[in-house]
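Because the structure is a prediction, the values reported are computed rather than measured.
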Amino acid sequence: MERGRDSVNRSRILKGLVLMLPLVASLLLWRHGIDFTSSARKQRETQQLSSDGQASLRATIQAGNLSDMRWPDFSDYEKHMQKFYESYGYSLPWVRGMEPTAQAQQVITLLLQAEQKGLAAQDYDGPRWGDRLTKLKPAAPQPSEGDALRFDVALTVCVMRYISDLHIGKVNPKHFDFGFDVDAKKYDLPEFIKESVVDASDVAGVVAKVEPPYPGYQRAIQALHAYLEFAKEYGGDQLPAIKKTIAPGESYSAVPQLIRLLRLVGDLPADAKVAADGTAYQAPLVDAVKNFQRRHGRAPDGRITTQTLADLSVPLTSRVRQMQLTLERWRWLPVGLHSAPIVANIPEFRLRAYDENYKVALSMNVVVGKAYDHDTPVFGDIMQYVVFRPYWSVPYSIAKAEFLSRIARDPGYLAKKGFEVVNSRQDVVTSGTVTNHMLEQLRAGKLFIRQTPGPKNSLGLVKFIFPNSYNVYMHDTPAQEFFAKSRRDFSHGCIRLEKPADLAVWVLRDNPGWSMDRVRAAMNETANQQVNLAHPIPVFIVYGTVIVTEDGLVHFYDDIYGHDAALEKVLKKGYPYPN
């Protein structure tokens, strides 16, 4: 009997939770600036269909295909479409009196302006809306029900795609094995469109709320607008090839064209005094080239090398595309963070720690995983603790590739280099000579190699742990020389820090007493020490080949892992995208 009562009580609780879900969802959406109730009160009558029209609408939705669309296959939205039109009793919400509603026209305007958001109007039937509108009132005196139906379905599919693309991106990042969960960001798309868009007085204002809230994203959008205009103004002019490096003070026949390009993109100030018809490569044009080199991740030496010329010769339309790909990745990031995040951008070789208002509190150079064989993964997780004077547990892949053959030649190799052999419990098996039996167990993965703490340890004097399935973390390094290089992909996948002590002070700022002096002392003592963070911190390892800094400068970086190329390949296939 007790079990029976418990079962009944659980059933009642579950029913209560189910009944509360819509309220919870509404509260969450309201928290993000999406108010369903106000627009629901304003809903007007929709365009009713005949019984044949309803049957045709149902069949179209069930087929998940509308032949006169740019991307006719909307099977991935079939359930959303069914729910949306069921809620209207299979009538047409975007048409009233056989005329497109004011909201429908606002939506079409947004779709036609998709380029301003890093998207493409043609993906949302941009060139086709004019023809569709001519088939409805007031352009057509006697519109057909079929034309109204196709207009309505096409608009619903396109607005669903557009809102989803703006909010979570076109392609699910998991398709690329990236560790971001866009599913956690999703909300009820049919409900949102019905309650917040169909009868909204300001459609653009409503839709803008679904975009990423980050200032960096907004800066990228503004930079995109500028480069769209630059691309139109500059055209596809290419700088001529060079036979040798052009050094400052030398002659260069393309100086007038170089002046025009650098002035357009802002590296050469508008008031800089240069001879527009000369060929002398000298200041202030040299300084402008240095600015350009910095913005493209190169050493700013002011010399026009083949690499600098290649960067200068990238069409501005290609830079626009680079921005569009980066904006897609911005949309994969979670929203509503409760803690100031740490963000490491792989192609930029740069880490930033942000405050609660997304202002940069700390930044530094980093070294990331070597391209082609040790890529640093793209993902997000939570930093939980810091370890001072860490051991380095050598991964089996590295031990096999770099250690075992050396041990076979010299059984004392590990001891000479500050390594030891441990078992699965991290008990030391030997700090000296490695016997043949131990070597066999190392090969079999039954024993392990670790490096003892100290200044020569590969992890340096401190590491930062955000537990993840990739076994990636951030750490100090004794190899400081790599930070002076412009391209910094040298690690086995983890992230090496230029200023680890500064990051330790920042992440421990809510732990009482952790000043820079105490951090330095912990790094230089002999004991291994773990310090748990008072407040765990979100960490994002991202991949953006375009970054717009707080000063408004637009920086472009090489696609070192080929992620831009892979994303471009998927996007070219069109809807439906992998998700």
Please name all residues satisfying ring pair (Phe, Tyr, Trp, His ring centres under 6.0 Å) with [X], sequence neighbours left out, ordered by chain then number.
X      : value
Tyr124 : Tyr162
Tyr281 : none
Phe379 : Tyr470
Tyr90  : none

Open item on the list: Phe192 vs Tyr187, test: ring pair (Phe, Tyr, Trp, His ring centres under 6.0 Å). Steps then yes/no.
Closed with: CA-CA 8 Å; Phe192 171 63; Tyr187 46 79; 5.1 Å; yes

Hey, are [X] and [Y] close enough for a salt bridge, meaning a charged N less than 4.0 Å from a carboxylate O?
X      : Y      : value
Asp564 : Arg329 : yes
Asp125 : Arg132 : yes
Glu191 : Lys194 : no

Exercise: identify the closest heavy-atom pair between [X] and [Y]:
X      : Y      : result
Trp330 : Ala220 : NE1-CB, 4.4 Å
Thr101 : Pro93  : CG2-O, 3.9 Å
Asp489 : Gly369 : CB-O, 3.3 Å
Leu571 : Tyr577 : O-OH, 3.2 Å
Val289 : Leu262 : CG2-CD1, 3.8 Å
Thr545 : Tyr543 : CG2-CE2, 4.0 Å

Any [X] side-chain heavy atom under 4.5 Å of [Y] side chain:
X      : Y      : result
Trp129 : Pro100 : no
Arg303 : Thr308 : no
Val472 : Pro377 : yes
Gln324 : Val320 : yes
Glu328 : Leu325 : no

Task: side chain to side chain contact (heavy atoms under 4.5 Å, CB included) between Glu348 and His555, worked out - done: CA-CA 9 Å; Glu348 186 185 6; His555 300 258; 5.7 Å; no

Task: Ser313/Gln238 under side chain to side chain contact (heavy atoms under 4.5 Å, CB included): CA gap, chis, key distance, verdict - done: CA-CA 6 Å; Ser313 299; Gln238 293 283 314; 3.3 Å; yes

- [ ] Go through the side-chain N and O atoms of Gln322 and Arg319 and say whether any donor and acceptor fall under 3.5 Å apart.
- [x]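 Their side chains do contain a donor-acceptor pair, which is all the 3.5 Å distance test asks for.
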
Open item on the list: Distance alone, cut at 3.5 Å: any donor-acceptor contact between the side chains of Ser363 and Arg350?
Closed with: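 The answer is yes; a qualifying pair exists.
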
Open item on the list: Tell me every residue that passes salt bridge (charged side-chain N to carboxylate O under 4.0 Å, His left out) with Asp165, counting only those two or more places apart in sequence or in another chain.
Closed with: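 Residues passing salt bridge (charged side-chain N to carboxylate O under 4.0 Å, His left out) with Asp165: none at all.
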
Open item on the list: List the residues meeting salt bridge (charged side-chain N to carboxylate O under 4.0 Å, His left out) with Asp559, not counting sequence neighbours, and say none if there are none.
Closed with: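 Per chain and number, Asp559 pairs via salt bridge (charged side-chain N to carboxylate O under 4.0 Å, His left out) with no residue.
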
Open item on the list: Ring-plane angle category for Tyr77 and His80, please: parallel below 30°, perpendicular beyond 60°, tilted otherwise.
Closed with: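 The arrangement is tilted - the two ring planes meet at 30° to 60°.
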
Between [X] and [Y] (side chain of the first, backbone of the second, donor and acceptor by atom type, cut-off under 3.5 Å), is there such a pair?
X      : Y      : value
Gln48  : Ser91  : no
Gln293 : Gly302 : yes
Ser491 : Val368 : yes
Lys185 : Arg331 : yes

Task: Check: Phe178 ring centre within less than 6.0 Å of Phe176 ring centre - done: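 Yes, they do, as the ring centres are separated by less than 6.0 Å.
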
Open item on the list: Between Phe292 and His296 (judged by ring centroids, cut-off 6.0 Å), do the two rings come close enough to count as a pair?
Closed with: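 When the ring centroids of Phe292 and His296 are compared, they turn out to be within the sub-6.0 Å range.
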
Open item on the list: Can you confirm whether more than 12 heavy atoms, excluding those of Lys186, are under 6.0 Å from its NZ atom?
Closed with: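 Count over threshold, so yes.
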
TODO: Evaluate side chain to side chain contact (heavy atoms under 4.5 Å, CB included) for Ile382 paired with Ile537, printing each intermediate quantity in order.
DONE: CA-CA 5 Å; Ile382 304 295; Ile537 298 171; 6.0 Å; no

- [ ] Under the salt bridge (charged side-chain N to carboxylate O under 4.0 Å, His left out) rule, what do Asp551 and Arg294 come out as? Steps first, then yes or no, please.
- [x] CA-CA 14 Å; Asp551 57 7; Arg294 287 189 195 93; over 6 Å; no

Task: side-chain hydrogen bond (donor to acceptor under 3.5 Å, both in side chains): pairs with one or both residues in residues 167-181, sequence neighbours excluded - done: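 For residues 167-181, and leaving out neighbouring residues, the side-chain hydrogen bond (donor to acceptor under 3.5 Å, both in side chains) pairs sorted by first residue read Asp123-Lys170.
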
Would you give me the side-chain donor-acceptor pairs under 3.5 Å for residues 112-119, sequence neighbours excluded?
residue: Gln116; atom: OE1; partner: His225; partner atom: NE2; Å: 3.1
residue: Lys117; atom: NZ; partner: Glu211; partner atom: OE2; Å: 2.9

Task: Residue pairs passing the salt bridge (Lys or Arg N to Asp or Glu O under 4.0 Å) test where at least one lies in residues 72-83, sequence neighbours excluded - done: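 Only Lys83-Asp188 qualify under salt bridge (Lys or Arg N to Asp or Glu O under 4.0 Å).
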
Task: salt bridge (Lys or Arg N to Asp or Glu O under 4.0 Å) pairs, two or more places apart, involving residues 252-264 - done: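 Of all non-adjacent pairs touching residues 252-264, those that pass salt bridge (Lys or Arg N to Asp or Glu O under 4.0 Å) are Asp237-Arg260.
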
Validation: residues 140-160 side-chain donor-acceptor distances under 3.5 Å, sequence neighbours left out:
residue: Ser144; atom: OG; partner: Asp147; partner atom: N; Å: 3.1
residue: Ser144; atom: OG; partner: Asp147; partner atom: OD2; Å: 3.0
residue: Glu145; atom: OE1; partner: Ser50; partner atom: OG; Å: 2.8
residue: Glu145; atom: OE2; partner: Ser50; partner atom: N; Å: 2.8
residue: Glu145; atom: OE2; partner: Ser50; partner atom: OG; Å: 3.4
residue: Asp147; atom: OD1; partner: Arg150; partner atom: NH2; Å: 2.8
residue: Asp152; atom: OD1; partner: Tyr85; partner atom: OH; Å: 2.5
residue: Asp152; atom: OD2; partner: Trp94; partner atom: N; Å: 2.8
residue: Thr156; atom: OG1; partner: Tyr85; partner atom: OH; Å: 2.8
residue: Thr156; atom: OG1; partner: Trp94; partner atom: NE1; Å: 2.9
residue: Thr156; atom: OG1; partner: Asp152; partner atom: O; Å: 3.0

Open item on the list: If I take atom OH from residue Tyr217 and atom CD from residue Gln222, how far apart are they, to the nearest 0.5 angstrom?
Closed with: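 Going from the OH atom of Tyr217 to the CD atom of Gln222 covers 10.5 Å.
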
Open item on the list: Run the side-chain hydrogen bond (donor to acceptor under 3.5 Å, both in side chains) test against Gln105 and tell me which residues pass, sequence neighbours left out.
Closed with: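 side-chain hydrogen bond (donor to acceptor under 3.5 Å, both in side chains) check on Gln105 returns nothing, list empty.
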
- [ ] Would you sort out whether Leu49 and Leu57 count as a side chain to side chain contact (heavy atoms under 4.5 Å, CB included), showing the intermediate values?
- [x] CA-CA 9 Å; Leu49 293 174; Leu57 177 56; 3.9 Å; yes

